[in-house]
Amino acid sequence: MPATVVVGTQWGDEGKGKFTDLVARDMHMVVRYQGGHNAGHTLVVDGETFALQLIPSGVLYPHIVPVIANGVVVDPRVLIAEMDQLSAKGVDCSRLKVSGNAHLIMPYHQELDALHERHLGAGKLGTTKRGIGPAYADRAMRTGLRVQDLLDPKIFRQKLDVALSHHNQVLTKVFNRLALDVDAVATEYLEECAPRIEPHIADSVALIHETLDAGRDVLMEGAQATFLDLDHGTYPFVTSSNPVSGGACVGAGVGPRDIGRIIGIAKAYVTRVGSGPFPTELHDEIGDYLVDVGHEYGTNTGRRRRTGWLDAVMLRQAARVNSLSEIALTKLDILDGLDSLKVCVGYESDGERYDHMPYHQSVIHSAQPIYEELPGWKSHISAITDQADLPSEATDYIEFIEQQVGVPIRLVGVGPGREQYLDRAL
Ligand code: GDP
Ligand code: IMO
Ligand code: MG
């Protein structure tokens with residue numbers, strides 16, 4: 001049975017957590033394949049809100065095996081805190097598996113992330129300052145520590161010595177900060193964290209393949225999104241991993257033939273947190289309205305998200321680079337009551353029209369959206385469970401996006417709750 005992938009199609013916070021949780025109902029295993037605790041995935045179940053960072057969004061179901069795969073960067077201190085918070089709410093985390101090959105986020109990664117941002121000044125990326133970029137950089141430099149190193153104190157110390165001999169030079173000589181103490185870091189990770197993480201460490205590749213081979217359903221949960229992808233996003237204003245669906249292959253250890261359904265999550269408008277180009281960004285009262293009504297503040301960092309009209313050029317590109325088989329359109333209810341809605345159907349830059357995402361960053365920065373305007377609807381749609389009850393303008397909006405992007409919209413979110421969605425295939 002091939003796996004299903006959930007992937008963000010914009011700049012993150014599209015509602016991946018909600019739809020992962022929903023689709024997970026019929027699955028056996030949910031796998032996070034990249035990113036770290038820069039993610040914030042919100043689920044609302046029976047009125048209770050859960051904000052997940054590292055633990056896969058299927059964890060709330062007792063029948064799901066949640067897996068943090070090799071492609072994720074894990075801060076063990078955050079993982080322990082998240083397990084404790086979930087346990088306090090009655091969620092059983094004992095089934096959680098963590099790949100021994102996943103890389104560890106170390107205290108110096110977090111410090112370097114913040115220092116690097118300060119160094120960039122006005123050109124900062126607006127990272128979450130969680131140490132994500134420096135941890136992936138160490139992985140690429142082959143000086144990273146992995147989850148499995150927590151099981152071997154001697155090797156852990158050796159690797160930490162090598163990593164800190166370099167990073168302490170950077171901290172003290174480049175940034176004029178204090179050096180980190182090897183013993184203090186080793187004590188925290190080996191004595192406080194390792195005993196809590198050890199029972200969860202597993203060979204995630206073997207586990208995933210055993211599950212697939214048994215004909216059971218596996219869901220791969222992407223964090224971040226297509227336009228935050230290191231290769232396919234608006235570089236350098238991106239994260240340091242590959243959220244695109246192909247990232248699920250590398251980050252979980254499956255081949256492309258092991259993937260079937262690929263669900264792209266798209267918000268009915270667009271948001272972005274952090275720096276970088278945003279062709280349809282709104283700087284007017286409609287932008288403020290979307291922030292207020294959509295509660296567009298970061299799940300983790302609390303930062304106000306930038307808002308704009310839906311961008312079909314982005315979605316066409318997301319359909320291409322992810323091989324989307326369907327789209328789940330979220331937060332359609334937030335558009336309730338607007339007189340009219342704009343959808344960007346192309347860009348214009350320097351007298352040239354672009355129907356597909358331009359590869360050149362200068363063009364993306366200067367792109368002016370070409371809009372088509374559609375009528376809004378005046379009623380509230382949050383309580384609707386059957387697509388036949390949607391106002392005709394809402395159906396027209398959905399069908400216009402489908403036609404522009406060339407991918408069917410199967411699921412539509414009409415509220416934050418687990419049950420607030422429409423399945424258009426029914
Ligand atoms: P993620 O990072 O992609 O999982 O998304 P976030 O959880 O960061 O942000 C999405 C926010 O929208 C969360 O607060 C969700 O509870 C909420 N949400 C998701 N789908 C819907 C929807 O269809 N309607 C409304 N009103 N809220 C939604
Ligand atoms: P979820 O999974 C939205 C953004 C940051 C910054 C850039 C790089 O909840 O959709 P990083 O800390 O990763 O080096 O920051 O990426 N970013 C996100 N934006 N949602 C996220 O996750 C994000 N994770 C990272 O704001 O612009
Ligand atoms: Mg989020």
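In listed order, ligands and their atoms are each counted from 1. Atom set for the values below is all heavy atoms of this structure, side chains included, hydrogens, waters and symmetry mates excluded.
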Heavy atom under 4.0 Å from ligand 1: found in [X]'s side chain, backbone, both, or neither?
{"X": "Val414", "answer": "backbone"}
{"X": "Thr42", "answer": "both"}
{"X": "Lys16", "answer": "both"}
{"X": "Thr299", "answer": "side chain"}
{"X": "Arg305", "answer": "side chain"}

For ligand 2 and [X], I'd like to know whether there is a polar contact (N/O to N/O, distance under 3.5 Å).
{"X": "Thr128", "result": "yes"}
{"X": "Gly133", "result": "no"}
{"X": "Thr127", "result": "no"}
{"X": "Gln224", "result": "yes"}

Report, as yes or no, whether the 6.0 Å neighbourhood of atom [atom1] on [X] holds more than 12 heavy atoms from other residues, nucleotides or ligands.
{"X": "Leu426", "atom1": "CG", "value": "yes"}
{"X": "His116", "atom1": "NE2", "value": "no"}
{"X": "His380", "atom1": "NE2", "value": "no"}

[X] and ligand 2 - part of the residue with a heavy-atom distance under 4.0 Å:
{"X": "His41", "result": "side chain"}
{"X": "Glu14", "result": "neither"}
{"X": "Asp113", "result": "neither"}
{"X": "Arg272", "result": "neither"}

Relative to the heavy atoms of [X], which atoms of ligand 1 are at a distance of less than 4.0 Å?
{"X": "Lys331", "result": "11 (C), 12 (O), 21 (C), 22 (C), 23 (O), 24 (N), 25 (C), 27 (N), 28 (C)"}
{"X": "Gly413", "result": "23 (O)"}
{"X": "Ile334", "result": "26 (N)"}
{"X": "His41", "result": "1 (P), 2 (O), 4 (O), 7 (O)"}
{"X": "Lys18", "result": "19 (C), 20 (N)"}
{"X": "Gly17", "result": "4 (O)"}

Run the contact test for [X] against ligand 2 with a 4.0 Å cut-off on heavy atoms, strictly below, and give the result.
{"X": "Thr271", "value": "no"}
{"X": "Arg303", "value": "yes"}
{"X": "Gly8", "value": "no"}

Point to revise | Verdict with reasoning, Glu111 to Arg177, per salt bridge (charged side-chain N to carboxylate O under 4.0 Å, His left out) | key: CA-CA 10 Å; Glu111 194 169 348; Arg177 309 291 290 197; 3.7 Å; yes
Check your understanding: With a 4.0 Å cut-off, would you call Asp339 and Lys378 a salt bridge?
Key ->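 Judged by the 4.0 Å cut-off on N to carboxylate O distance, Asp339 and Lys378 do form a salt bridge.
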Point to revise | Salt-bridge criterion met for Lys159 and Asp149 (N-O under 4.0 Å) | key: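 Judged by the 4.0 Å cut-off on N to carboxylate O distance, Lys159 and Asp149 do form a salt bridge.
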Exercise for review: State, without any angle test, whether Asp113 and Thr127 hold a side-chain donor-acceptor pair at a distance under 3.5 Å.
Suggested key: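 Side-chain D/A pair, Asp113 to Thr127: present.
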Quick one: nearest non-hydrogen protein atom to [atom], plus distance?
{"atom": "atom 13 (O) of ligand 2", "answer": "Thr239 OG1, 2.6 Å"}
{"atom": "atom 22 (C) of ligand 1", "answer": "Gly415 O, 3.2 Å"}
{"atom": "atom 26 (N) of ligand 1", "answer": "Asp333 OD2, 2.7 Å"}
{"atom": "atom 16 (O) of ligand 1", "answer": "Pro416 CB, 3.6 Å"}

If every non-hydrogen atom of [X] is compared with every non-hydrogen atom of [Y], which pair is closest and at what distance?
{"X": "Leu212", "Y": "Ala3", "result": "CD2-N, 4.0 Å"}
{"X": "Gln404", "Y": "Arg316", "result": "OE1-NH2, 2.5 Å"}
{"X": "Ala425", "Y": "Arg410", "result": "CB-NE, 3.5 Å"}
{"X": "Ile384", "Y": "Leu422", "result": "O-CD2, 3.3 Å"}
{"X": "Leu219", "Y": "Thr20", "result": "CD2-O, 3.5 Å"}

Check your understanding: Is the closest N or O pair between Asp13 and ligand 1 shorter than 3.5 Å?
Key ->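 Indeed, backbone or side chain, Asp13 has an N or O that close.
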Exercise for review: Compute the shortest N/O to N/O distance between Glu14 and ligand 1 and return yes if it is under 3.5 Å, no if not.
Suggested key: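 Between Glu14 and ligand 1 (N or O atoms, distance only) the closest approach is under 3.5 Å.
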Ligand 2 atoms in contact with [X] (distance to a heavy atom under 4.0 Å):
{"X": "Ala39", "value": "1 (P), 2 (O), 9 (O), 22 (O)"}
{"X": "Trp11", "value": "3 (C), 19 (N)"}
{"X": "Asp13", "value": "1 (P), 3 (C), 9 (O), 10 (O), 20 (N)"}
{"X": "Leu125", "value": "27 (O)"}
{"X": "Lys16", "value": "1 (P), 2 (O), 10 (O)"}
{"X": "Val238", "value": "7 (C), 8 (C)"}
{"X": "Val273", "value": "3 (C), 5 (C), 19 (N), 26 (O), 27 (O)"}
{"X": "Ala223", "value": "2 (O)"}

Counting C-beta onward and ignoring hydrogens, is there a side-chain heavy-atom pair between [X] and [Y] closer than 4.5 Å?
{"X": "Met106", "Y": "Leu160", "value": "yes"}
{"X": "Leu335", "Y": "Leu290", "value": "yes"}
{"X": "Ile80", "Y": "Glu192", "value": "no"}
{"X": "Val273", "Y": "Thr128", "value": "no"}
{"X": "Gln10", "Y": "Leu315", "value": "yes"}

Practice item. For atom 6 (C) of ligand 2, state which one of Gly274, Gly298, Ala135, Gly126 supplies the nearest heavy atom. Key: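 Nearest option to atom 6 (C) of ligand 2, by heavy atoms: Gly126.
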Check your understanding: So which of Leu52, Leu228, Asn38 gets nearest to atom 17 (N) of ligand 2, if we judge by its closest heavy atom?
Key ->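 Of the listed residues, Leu228 has the closest heavy atom.
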Practice item. Mind running side-chain contact (heavy atoms from CB on, under 4.5 Å) on Asp75 and Gln110 for me, showing each step along the way? Key: CA-CA 10 Å; Asp75 186 326; Gln110 203 170 337; 3.9 Å; yes
Exercise for review: Run the contact test for Gly40 against ligand 1 with a 4.0 Å cut-off on heavy atoms, strictly below, and give the result.
Suggested key: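 Distance cut 4.0 Å: Gly40 passes for ligand 1.
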Check your understanding: Is the Lys NZ or Arg CZ of Arg418 less than 6.0 Å from the centre of Tyr61's six-membered ring, within 45° of the axis?
Key ->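 Flagged: Arg418 positioned over aromatic ring of Tyr61.
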Check your understanding: Does any N, O or S atom of Gly298, backbone or side chain, fall under 2.8 Å from the Mg ion (ligand 3)?
Key ->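 Coordinating: no.
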Practice item. Provide the atom name of the closest N, O or S atom of Asp13 relative to the Mg ion (ligand 3). Key: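 Output for this pair reads OD1.
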